[in-house]
Number of protein chains: 2
Amino acid sequence: MKICVVGCGAVGSLFAAHLARLSDVEVWAYDVFEAHVRAINEKGLRLTGAADFTARLNARTNPKEIPRCDFGIVATKATHTRHAISATAHVFNEKSAVCSVQNGVGNEEIIAEYVKFVIRGTTFPAGHVIEPGVVGYDIKGDTWVGPFEPTNTPMEMVRQLAEAITRGGMNTLAMQDARGAQWSKLIFNASTNPVGALTGLHHGAATFFEPTGQLFYDLMDEGIAVARALGIKLHDDPKQMAQKAAKAPGKHKASMLQDVLAQRQTEVDFMNGAIVEWGKKAGVSTPLNKALWSLVKGLEHSWTNP
Amino acid sequence: MKICVVGCGAVGSLFAAHLARLSDVEVWAYDVFEAHVRAINEKGLRLTGAADFTARLNARTNPKEIPRCDFGIVATKATHTRHAISATAHVFNEKSAVCSVQNGVGNEEIIAEYVKFVIRGTTFPAGHVIEPGVVGYDIKGDTWVGPFEPTNTPMEMVRQLAEAITRGGMNTLAMQDARGAQWSKLIFNASTNPVGALTGLHHGAATFFEPTGQLFYDLMDEGIAVARALGIKLHDDPKQMAQKAAKAPGKHKASMLQDVLAQRQTEVDFMNGAIVEWGKKAGVSTPLNKALWSLVKGLEHSWTNP
């Protein structure tokens, strides 16, 4: 089986390295970060932290050099989904399925414009690139995958991918309806990320400081109402997710805060922006998510209009 | 007539310098900024910009050295009101009236804990301290004053103060109900200030960028609803104020953005916090003002909990 990891940054590297340990899987990684790709090809991809091993796999910056694959795992920032899948679409054919393990919602819709079968995915494991070829594996956790409804992806393909990732060492659950897991994480992310990005507070501080902790809950209530109106049964309670994450050791900066500190475009369109759009379709008002979306867009705008 | 300017920063200096030009007014200024006080006593207080002159007046860092005064004008940041009026309360007696020309609402309530007669005031002129003893007079504009309702300040005292400030060169209107002017500026400030502070956008950029410009209006709608429920007739349309200010030349940073860049405690409690509190009393929901208040409090919190 051939699997192409599209976007081999922190999260993509976790999938790529684990899958590359399997003798029956050939892993190809596509990434634009040349030094990382070169290091992987020369010395292998090393994970440290929650697991520590080095895996051999093929990495490329030129997608034309990647052979046809049975599965794809898209792990770019949501802002880069279209660019990445349009560059790698030729790698997949009518028998392939491509799974998003990205933040937010809306990535599967983009991927489905380029490939036949899409798998909806949500992943909890997190990491960070330490240096080219070396990725810190910070947080272990499950991954949930299911058919992306509009493409009618056969459940057998979903199970095959889940089974491979699980055998590689990352527990992955195949489910008929993967929206509940995705929306749980979406609602969690759409509160903790913009509040962290706008205040500079790390996750624990923002959760336990009463004004921002309450704002988390108020934002989540809007997202929960939208999910309910869409008929999505949440897999986890986003409020408990926030409390649990706040008790983790260390001062974890939300990924959107990391983006803001680096003046990188954030994923807010795929988080709060998506909740606002789905809220409109479902007839649920989402003024707080819209306000936070507006502020983060304004912050991004300030980098070019100081 | 003796007038004590309590807090002789940018705005206080505008009032102090103009009043000091009158032969029948003796101006005393209280401030904690020693170099500024020394420069004023040694070389006079100079304004440049919208007007250019130097005025002689008495400035003190020690409030015990200030004689009894007929009027007070409090011009500190709202966050310093209690400290400043408690330090200077002995300067005023039962025949004195003390006027706030500060941002937000809630300052008069604090001042009334220390003096008998309080005057509600709102001022548009703006400036900045260029160096000790020298203040840039950036924006001209009117000042509105009226009795602070709970202290039943005689209208005659209000008129006497307004007349003196106007003769000094800053047009000041005495009105029976000064709440409309104050709430117009409050609602304007409570949208433009926190959005500027959280995004880093200067006023024009935030107004003309669609997401933040719309957020201005959404925040204003809540404040307008609270004012209406309180029976306050707005003197100006905050939306027109924002549009007009956005067309002014230069890239004006809202005072709250200046505070944030200097990591100074902001006036958000007297702006969005006050709208939320008055909303509760009036039975009007203000979720956006509460969210912006929470974010600014979180931002302040991050300076000590990074």
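Owing to the predicted nature of the structure, the values given are computational and were not obtained by experimental measurement.
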With a 4.5 angstrom heavy-atom cut-off, which part of Leu215(A) approaches chain B: side chain, backbone, both or neither?
-> side chain
Between Leu198(B), Thr212(B), Val260(B), Leu219(B), which shows the greatest number of heavy-atom pairs under 4.5 Å with chain A?
-> Leu198(B)
Residues of residues 273-293 of chain B within contact distance of chain A, non-hydrogen under 4.5 Å | Pro287(B), Leu288(B), Lys290(B), Ala291(B), Leu292(B), Trp293(B)
Residue, of Lys297(A), Glu300(A), Gln214(A), that accumulates the most heavy atom pairs under 4.5 Å with chain B | Lys297(A)
Could you check if a side-chain atom of His301(B) sits within less than 4.5 angstrom of a side-chain atom of Thr199(A), using non-hydrogen atoms only?
-> no
Those residues at least two apart in sequence (or on a different chain) that pass side-chain contact (heavy atoms from CB on, under 4.5 Å) with Arg228(B) are Ile224(B)
Which answer fits Glu210(A), side chain, backbone, both or neither, if we ask what part of it has an atom under 4.5 Å from a heavy atom of chain B?
-> neither
